[in-house]
Amino acid sequence: MSAAPNRRMVAVILLIPVVVILALWAFAWPAARIAPHDLPVGVAGSAPAADRLQQRFEQREGAFEVHRYASAADARRAIEDRSVYGAVVATPQGPQLLTASAASPVVAQLLHEAVTAQAPEGAQVQVEDVVAAPAGDPRGSALGASFLPLAIAGVLSGSAVTMLRLRGGRAALALIGVATLVGIGAAALTDNWLGVITGNWWAEAGTLGLTVLAIGGTVAGLAALIGPPGVGLGALLMVLLGNPFSGVTSAPELLPRPIGTIGQLMPPGAGGSLLRSVAFFDGSDAGSALLTLTLWAALGLTAVLIGGRRRAQHPAAPAPGTPEPALAG
């Protein structure tokens, strides 16, 4: 046996288990370590009852980031603006819990359990879902499941552009076209048919399409700059890391540090956050996620254009032994 096939065999034997173990770590570790980390919550009402509620949250050091509000109305506005995930209001009848299951059903349930456990014995905890998850997806499971296909769609578009040897402007146009059609189709499926999202239809389609473009542009851009290995690197970043780090199925503040922060700086996490904003909160707190997606898409497309120009200026050399074309006489 020659040395080259032996090396390839050893590479396959070693590389695939490493990728599998990395995937198991990336998906299983955050899911097994879900717990609040500086989770923004509100406390409203007058002292001393509100002070006691705040102290109970602060007893779990590092778990909650408490914001104080003068009234229940102020707390509701903060929830609608996505400043906090929920709030506890001190009332003469006992604590009132304000949640937003549309922001995260997991967090809403966590807050309900925490406030119920801390309430005085015999006290009834009143619960109001200020921004409720849609009836078509009350647990948020369908919304969470929708982002892996988007990540795969982005990787496939970047891979297809690379395999078909599309360069420069044609590659960029193909990526934009795929992202546009996927965004429209995904919005029709999740909004019109399933009722998973319920906001402005075009904003939802734009968010879904921009997420696919950011991922596809990154994959194609890496391939344009460093060659075919860029496809594998892009897939690793977006599917094996970006998707489990996104916090779409729970919340970024429930993932281990610094996974939640890293996830929001990648297209799947930013796309999930932006989609929740436009689908349920009228675009509140959408700026940072929109900027993140736009930067990834712009950098990816720029890399595609630069890579295409470099190849046009420096065509591949002919293989050894290839006869040179005869000159016209």
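Note that the structure is a prediction, hence the values are computed from the model and not measured.
Shortest non-hydrogen contact noted between Leu111 and Gly86 is CD1-CA, 3.9 Å. Contact record, Val212 with Ala179: CG1-CA, 4.1 Å, taken as the closest heavy-atom pair. Looking at every heavy atom in both residues, Ala171 comes nearest to Leu166 through CB-O, 3.6 Å. When all heavy atoms are compared, the tightest approach of Val161 to Ala220 is CG1-CB, 4.4 Å. Shortest non-hydrogen contact noted between Trp296 and Ala214 is CB-CB, 3.8 Å. When all heavy atoms of Pro30 and Leu255 are compared, the closest pair comes out as CB-CD2, 3.9 Å.
Of the inter-residue distances, the one linking Ile197 atom CD1 with Asp137 atom CG reads 10.0 Å to the nearest 0.5 angstrom. Rounded to the nearest 0.5 angstrom, Thr190 OG1 and Leu143 CG are separated by 8.5 Å. Between the CG atom in Leu295 and the CG atom in Leu265 there is a gap of 10.5 Å [rounded to 0.5 Å]. Interatomic distance, CG of Leu210 versus CD1 of Ile215, reported as 10.0 Å (0.5 Å rounding). Separating the OG1 atom in Thr180 from the CG atom in Leu213 is a distance of 7.5 Å, to the nearest 0.5 Å. Between Thr99 atom OG1 and Glu128 atom CD the span is 8.0 Å, to the nearest 0.5 Å.
Contact of the Pro268 side chain with the Val248 side chain is not registered, since no non-hydrogen atoms from C-beta on lie closer than 4.5 Å. Counting only heavy atoms from C-beta outward, the side chains of Ile79 and Tyr85 never approach each other to under 4.5 Å. Using a 4.5 Å heavy-atom threshold, the side chains of Pro40 and Ser83 count as separate. Proximity of Leu24 to Trp29: side-chain heavy atoms (C-beta onward) are nowhere separated by under 4.5 Å. Residues Leu275 and Phe280 have side chains not in contact (no heavy-atom distance under 4.5 Å, counting atoms from C-beta outward).
Transitive grouping of hydrophobic side chains (ILVMFWY, heavy atoms separated by less than 4.5 Å) keeps Val219 and Met163 in distinct clusters. With hydrophobic clusters built from ILVMFWY side chains whose heavy atoms lie under 4.5 angstrom apart, Val196 shares a cluster with Leu208. The cluster map of Ile, Leu, Val, Met, Phe, Trp and Tyr, joined by side-chain heavy atoms under 4.5 Å apart, puts Phe245 and Leu254 in different clusters. Taking hydrophobic clusters as Ile, Leu, Val, Met, Phe, Trp and Tyr residues chained together by side-chain heavy-atom distances below 4.5 Å, Ile184 does not share a cluster with Ile152. Put simply, Ile34 and Phe27 are part of two different groups of oily side chains (I, L, V, M, F, W, Y) that touch within less than 4.5 Å, one to the next.
In terms of modelled atom types and a separation under 3.5 Å, the side chain of Ser273 and the main chain of Gly269 share no donor-acceptor contact. No donor-acceptor distance shorter than 3.5 angstrom exists from the side chain of Thr116 to the backbone of Glu113, with no hydrogens or angles considered. Checking side-chain atoms of Gln96 against main-chain N and O of Ala90 turns up no donor-acceptor pair under 3.5 Å. Side chain of Arg77 to backbone of Ala72: no donor-acceptor contact under 3.5 angstrom is found. For the pair Ser104 (side chain) and Ser250 (backbone), a donor-acceptor distance under 3.5 Å is present. Within the 3.5 Å criterion, the main-chain N or O of Ser284 finds a donor-acceptor partner in the side chain of Ser277.
Between His67 and the options Val41, Val84, Asp74, a side-chain contact (heavy atoms from CB on, under 4.5 Å) holds for only Val84.
Among pairs with a residue in residues 15-40, those fulfilling salt bridge (Lys or Arg N to Asp or Glu O under 4.0 Å) read Asp38-Arg257, at least two apart in sequence or across chains. Pairs of residues two or more places apart, or lying in two chains, never qualify as salt bridge (Lys or Arg N to Asp or Glu O under 4.0 Å) while including a residue from residues 177-203. Applying the salt bridge (Lys or Arg N to Asp or Glu O under 4.0 Å) test to pairs two or more places apart or on separate chains, none has a residue in residues 79-92.
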Full working for side-chain contact (heavy atoms from CB on, under 4.5 Å) between Thr218 and Leu222 | CA-CA 6 Å; Thr218 300; Leu222 287 170; 4.1 Å; yes
May I have the step-by-step check of side-chain contact (heavy atoms from CB on, under 4.5 Å) for Val89 and Tyr69, ending in yes or no?
-> CA-CA 9 Å; Val89 184; Tyr69 300 101; over 6 Å; no
Stepwise side-chain contact (heavy atoms from CB on, under 4.5 Å) check, Thr207 with Trp202 = CA-CA 8 Å; Thr207 296; Trp202 288 107; over 6 Å; no
Going through the checks in order, is the side-chain contact (heavy atoms from CB on, under 4.5 Å) test met by Val182 and Leu150?
-> CA-CA 8 Å; Val182 169; Leu150 290 179; 4.1 Å; yes
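The side-chain contact (heavy atoms from CB on, under 4.5 Å) test applied to Ala132 returns Ser101, Asp129, not counting sequence neighbours. Residues passing the side-chain contact (heavy atoms from CB on, under 4.5 Å) test with Gln93, sequence neighbours excluded: Thr91, Gln126.
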Which side-chain N or O atoms in residues 53-64 pair as donor and acceptor under 3.5 Å with protein atoms at least two apart or in another chain?
| residue | atom | partner | partner atom | Å |
| --- | --- | --- | --- | --- |
| Gln54 | OE1 | Arg68 | NH1 | 2.8 |
| Gln54 | NE2 | Glu58 | OE2 | 2.8 |

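Counting non-hydrogen atoms of neighbouring residues, nucleotides and ligands closer than 6.0 angstrom, the CG atom of Asp282 reaches no more than 12 such neighbours.
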